[in-house]
Structure formats: structure tokens, C-alpha cells
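Heavy-atom basis, side chains included; hydrogens, waters and symmetry copies ignored. Owing to the predicted nature of the structure, the values given are computational and were not obtained by experimental measurement.
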Amino acid sequence: MPEPLYEDEAVGPGRAGRLPAAGGPGIPVPERGAWLRRGISRDGGPLIEDREVVWLQAGPYFADSRGFAGVTSFDGRQVHFHHLTGEPGEDAGTFRREGTDLIEWGTNTDGSTFLEVWTPLPVNDVEAHGDVDTGSWSAPGYHVVRVGRHLVHVDSRTGTYWQL
């Protein structure tokens, strides 16, 4: 029987788990999805989670409840997150699947490394049929992404996650 991905399957705020391995070829992120961050490792440290972080993807548009939103692109190896609203900048990560989870790893601009585990959130009962309310809306100073019953609003001050 394969070893579990984490030492403690209930990784949550203030809890640590075993790290999945980084490596392998990168994949593009799915065109549509809602993910809850299950944990982050910094510079090879333990996988921990100390707050709720939600990432939504609707076509090329994304919103992250940490306070940034914009568009994604894939260069054949890494996914680039181009921040258009909220926290300025751009970040990039390499993704791979591990079961239903997405594993993201990369190097920050200061040279530090990270590894994040993203677990899919249930969208709704009709997801299997492709009938999911999904969209992205923006105006000067804010950006909203909705995937099923999940919505993230980002403005110049913060990001907020709601479950409808």
C-alpha cells in the first residue's frame, strides 16, 4: 500500500505535514477550478497552514484571496501569474498533479523557495456536466472571479473569499 502524501491528513491552521516531492515537468493549470491551499513549505521547511487561502481560476483569469488577481500564462514549464489588481507584481510556479491535488513549487524573487499544496474545492452538483457558473469581472480598482459557489474579490487593499 502506498505511503500517505502527508503525515497528518488533517493539515490545517497551525498544523504541519510531510512534504510531497517537488520536481518533474510542469503542467498548465486547469481552465476552471477552485482550490484551497492545504499547506506551504518555505525553503524546505515543514508543510504548514496558518490561514485560509483560496485560489480561483476562470479561463485565463485568476483571483487569490491573499490579495491579488489577474491573468495566467503557461510557458511550457511554468505558470505565470500576472497581477493586474491588488498586490503588484508577477509570480511563477511549476505545477504537477498528485491525485486530485495540485503541487506548486518555485523560487521567489529574493531566492527563497516555496512548495504549496492546493486541494480542489467542491464547486457544485452539476460540475460533472460542465454547467458551472464561472466568470471574471473587473473595473478600475477591483477584480472578481467566480467558480460555482466560490467567489474571490480583490481590490487595492485586500482579497476576500466568499462561499455562496
Side-chain angles (χ1 to χ4, degrees), residues 2-121 136 138 141-145 147 150-161:
E3 195 174 66
L5 177 60
Y6 310 100
E7 289 175 9
D8 178 358
E9 287 298 320
V11 172
R15 302 187 71 173
R18 197 185 79 210
L19 286 175
I27 62 169
V29 295
E31 291 259 336
R32 177 180 60 202
W35 291 273
L36 175 67
R37 189 175 72 183
R38 190 166 178 182
I40 184 169
S41 165
R42 297 181 195 286
D43 293 320
L47 184 68
I48 61 169
E49 189 54 72
D50 58 1
R51 62 183 171 152
E52 179 180 71
V53 177
V54 173
W55 157 43
L56 302 181
Q57 187 76 35
Y61 301 101
F62 78 93
D64 188 304
S65 64
R66 291 174 285 187
F68 48 93
V71 296
T72 57
S73 63
F74 180 63
D75 67 9
R77 187 175 76 80
Q78 289 189 308
V79 174
H80 296 267
F81 293 85
H82 309 277
H83 301 199
L84 302 177
T85 304
E87 183 181 312
E90 178 179 321
D91 60 275
T94 304
F95 284 83
R96 71 174 169 82
R97 287 203 175 274
E98 189 152 311
T100 58
D101 291 344
L102 285 174
I103 310 301
E104 177 188 7
W105 69 95
T107 303
N108 296 309
T109 56
D110 65 2
S112 62
T113 61
F114 68 91
L115 182 142
E116 293 175 291
V117 179
W118 296 96
T119 298
L121 289 166
S136 173
S138 63
Y142 79 90
H143 195 112
V144 176
V145 174
V147 178
H150 306 282
L151 186 136
V152 172
H153 172 273
V154 174
D155 60 33
S156 60
R157 294 171 289 131
T158 190
T160 306
Y161 165 64

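- Of the possible donor and acceptor atoms, none in the side chain of Ser138 sits under 3.5 Å from a partner among the backbone N and O of Tyr142.
- A side-chain donor from one of His150 and Tyr161 sits under 3.5 Å from a side-chain acceptor of the other.
- Atom OG1 in Thr109 sits 9.5 Å away from atom CG in Asp91 (nearest 0.5 Å).
- Under 4.0 Å is where a charged nitrogen must lie from a carboxylate oxygen, and between Glu87 and Arg66 no such pair does.
- Here CZ of Phe74 is found 9.0 Å from NE2 of His80. Values are rounded to the nearest 0.5 Å.
- What you find for Leu56 and Ala34 is that their closest heavy atoms are CD2-CB, 3.4 Å.
- Looking at Ile48 and Ser41, their side chains never come closer than 4.5 Å, going by heavy atoms from C-beta outward.
- Contact check for Phe81 versus Asp64: no side-chain heavy atoms found under the 4.5 Å cut-off.
- In this structure, Leu47 CG and Arg38 CZ are separated by 8.5 Å, a value rounded to the nearest 0.5 Å.
- One distance of note links OG1 of Thr72 with NE2 of His82; it measures 7.5 Å at 0.5 Å rounding.
- Although no hydrogens or angles enter the test, the distance criterion places a donor-acceptor pair under 3.5 Å between the side chain of Ser65 and the main chain of Val54.
- Considering all non-hydrogen atoms of both residues, Pro25 and Arg96 come closest at O-CB, 4.4 Å.
- Of all heavy-atom pairs between Asp101 and Pro120, the closest is OD1-CD, 3.9 Å.
- We find the CD-CZ distance between Glu52 and Arg37 to be 11.0 Å, quoted to the nearest 0.5 Å.
- Atom CD of Glu90 has more than 12 heavy atoms from other residues, nucleotides or ligands within 6.0 Å.
- Between atom CH2 of residue Trp35 and atom OG1 of residue Thr119 there is a gap of 11.5 Å, rounded to the nearest 0.5 Å.
- Across Val79 and Pro28, no two heavy atoms sit closer than the pair CG2-CA, 4.1 Å.
- Evaluated for a ring-ring contact (aromatic ring centres under 6.0 Å, His included) with Trp118, the options Trp55, Phe95, Phe62 yield exactly one hit, Trp55.
- Scanning both residues, Ile27 and Leu102, for their nearest heavy atoms gives CD1-CD2, 4.3 Å.
- Between the side chain of Asp155 and the backbone N or O of Arg157, at least one donor-acceptor pair lies under 3.5 Å.
- Taking both residues in full, the closest heavy atoms of Gln78 and Asp75 are given as N-OD1, 2.7 Å, listed atom of the first, atom of the second, then distance.
- Remark: side-chain polar atoms of Gln57 are paired, donor with acceptor, to backbone N or O of Gly59 under 3.5 angstrom.
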